[in-house]
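In what follows, residues are counted from 1 in the order of the sequence shown.
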Amino acid sequence: MLNIYLEEGEKMEQILNTQLFGLVTIIVFYNIGLFIQKKAKNPICNGLLIAIILIILFLKVTKIPYENFKIGADTINFMLGPVTIVLAVPLYRQLHLFKKYMKEILVGILTGVFISFVSVVLICKVANADSQILYSILPKSITTPMGISLSNILGGIESITVVCIILTGILGYIMGETVLKMGKIKHPISKGIALGTAAHAVGTSKALELGEVEGAMSSLSIGIGGCLTVILIPILANFI
């Protein structure tokens, strides 16, 4: 009987140490999150946020080490970069708008990047946060792969950067449309630029819900905003 339990324990340990465990866990709980989001029909019930909370609870209750889950999660993280390229499809369909409003679009994205930098610096100064925390938060509005790279260059804490990026995206998804209405921003190009520059890929998912033009401009903002952030933030950080 003892041998049977030992064999079962070894099999379970082997399963937990595979990429499949993390991948299946993410897929299952994310789909549960999407299901709840569709049923609730409330922006606060964001599928990604629900999935994160459920996974944390699942790992805590089952006492499964995070390291086991991370094996599969790293695979998803690796795929984020290539998957982001798919967002170029709606941009290609609206390429004529980019050519027509190129100056306005570039100025809008650059302004968003600068305001993001200034707001983070001011908040950290008021909160008396140390430089490492500041450097960890600065990449909050760009995609995870680019944000992690920038955080490492600046000397930030990678885990804090990832949390800030996720929270920024979720808040952008939940509050983005309301903020746009409050600001009386009605032009689809302006909406897309705002969501993409402020809330990266998760904000773009909201932009795509608003319309194809919004989604295309938001997709464009992810790429240009990310590149500008990676280039300008290290330079501006020298003046803090």
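Rounded to the nearest 0.5 Å, atoms SG (Cys124) and CG (Leu138) are 7.0 Å apart. Expressed to the nearest 0.5 Å, how far CD1 of Ile32 lies from CD1 of Ile27 amounts to 12.0 Å. Here the straight-line distance linking atom CG of Leu110 with atom CD1 of Ile105 works out to 13.5 Å at 0.5 Å rounding. Note that CD of Glu158 is 5.0 Å distant from CG of Asn152, once rounded to the nearest 0.5 Å. A distance of 13.5 Å separates CD1 in Ile142 from OG in Ser221, rounded to the nearest 0.5 Å. With rounding to the nearest 0.5 Å, the separation of CG in Leu54 from CD1 in Ile36 is 6.0 Å.
When hydrophobic clusters are built by joining Ile, Leu, Val, Met, Phe, Trp and Tyr residues whose side-chain heavy atoms come closer than 4.5 Å, directly or via intermediates, Ile133 is grouped together with Leu122. Met175 and Leu49 fall within the same hydrophobic cluster, defined by Ile, Leu, Val, Met, Phe, Trp and Tyr side-chain heavy atoms under 4.5 Å apart, directly or through other members. Follow the hydrophobic side-chain contacts under 4.5 Å out from Val24 and you reach Ile55 in the same cluster. Cluster membership for Phe58 and Ile26, using ILVMFWY side-chain heavy atoms within less than 4.5 angstrom, is shared. Note: the hydrophobic cluster containing Ile109 also contains Met217 (ILVMFWY, side chain heavy atoms under 4.5 Å, direct or indirect links).
The closest donor-acceptor contact from the side chain of Ser190 to the backbone of Lys186 lies at 3.5 Å or more, if one exists at all. No side-chain donor-acceptor contact under 3.5 Å links Ser151 to the backbone of Gly147. No donor-acceptor pair under 3.5 Å is formed between the side chain of Ser218 and the backbone N or O of Glu214.
With contacts defined as side-chain heavy-atom distances shorter than 4.5 Å, the pair Ile50/Cys45 qualifies. For the pair Thr25 and Ile64, the minimum side-chain heavy-atom distance is 4.5 Å or more. At a threshold of 4.5 Å between non-hydrogen side-chain atoms, the residues Ile71 and Phe21 do not count as touching.
The minimum heavy-atom distance linking Ala198 with Thr168 is given by the pair O-CG2, 3.2 Å. In this structure, Leu134 and Val121 approach most closely via the heavy-atom pair CD1-CA, 3.9 Å. When all heavy atoms are compared, the tightest approach of Gly176 to Leu195 is CA-CD2, 3.9 Å. Here the closest non-hydrogen pair linking Lys191 and Ile185 is CE-O, 3.2 Å.
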ask   = Hey, mind stepping through Lys206 and Glu209 against salt bridge (charged side-chain N to carboxylate O under 4.0 Å, His left out) and telling me if it holds?
value = CA-CA 5 Å; Lys206 169 56 70 175; Glu209 292 179 9; 3.2 Å; yes
key: From CA spacing to verdict: side chain to side chain contact (heavy atoms under 4.5 Å, CB included), Ile137, Ile123   = CA-CA 10 Å; Ile137 301 176; Ile123 292 172; over 6 Å; no
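Partner of Pro139 under the side chain to side chain contact (heavy atoms under 4.5 Å, CB included) criterion, out of Thr144, Val162, Val120, Leu150: Leu150 alone.
Within 6.0 Å of OH in Tyr30 there are 12 or fewer heavy atoms belonging to other residues, nucleotides or ligands. No more than 12 heavy atoms of other residues, nucleotides or ligands shown are found within 6.0 angstrom of CZ on Phe35.
Using cut-offs of 30° and 60° on the angle between ring planes, the pair His187 and Tyr101 is perpendicular.
Counting only residues at least two apart or on different chains, the side-chain hydrogen bond (donor to acceptor under 3.5 Å, both in side chains) pairs with a member in residues 131-140 are Ser116-Lys140.
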Quiz: residues 224-240 side-chain donor-acceptor pairs under 3.5 angstrom, not counting sequence neighbours:
| residue | atom | partner | partner atom | Å |
| --- | --- | --- | --- | --- |
| Thr229 | OG1 | Gly225 | O | 2.7 |
| Asn238 | ND2 | Pro234 | O | 3.3 |

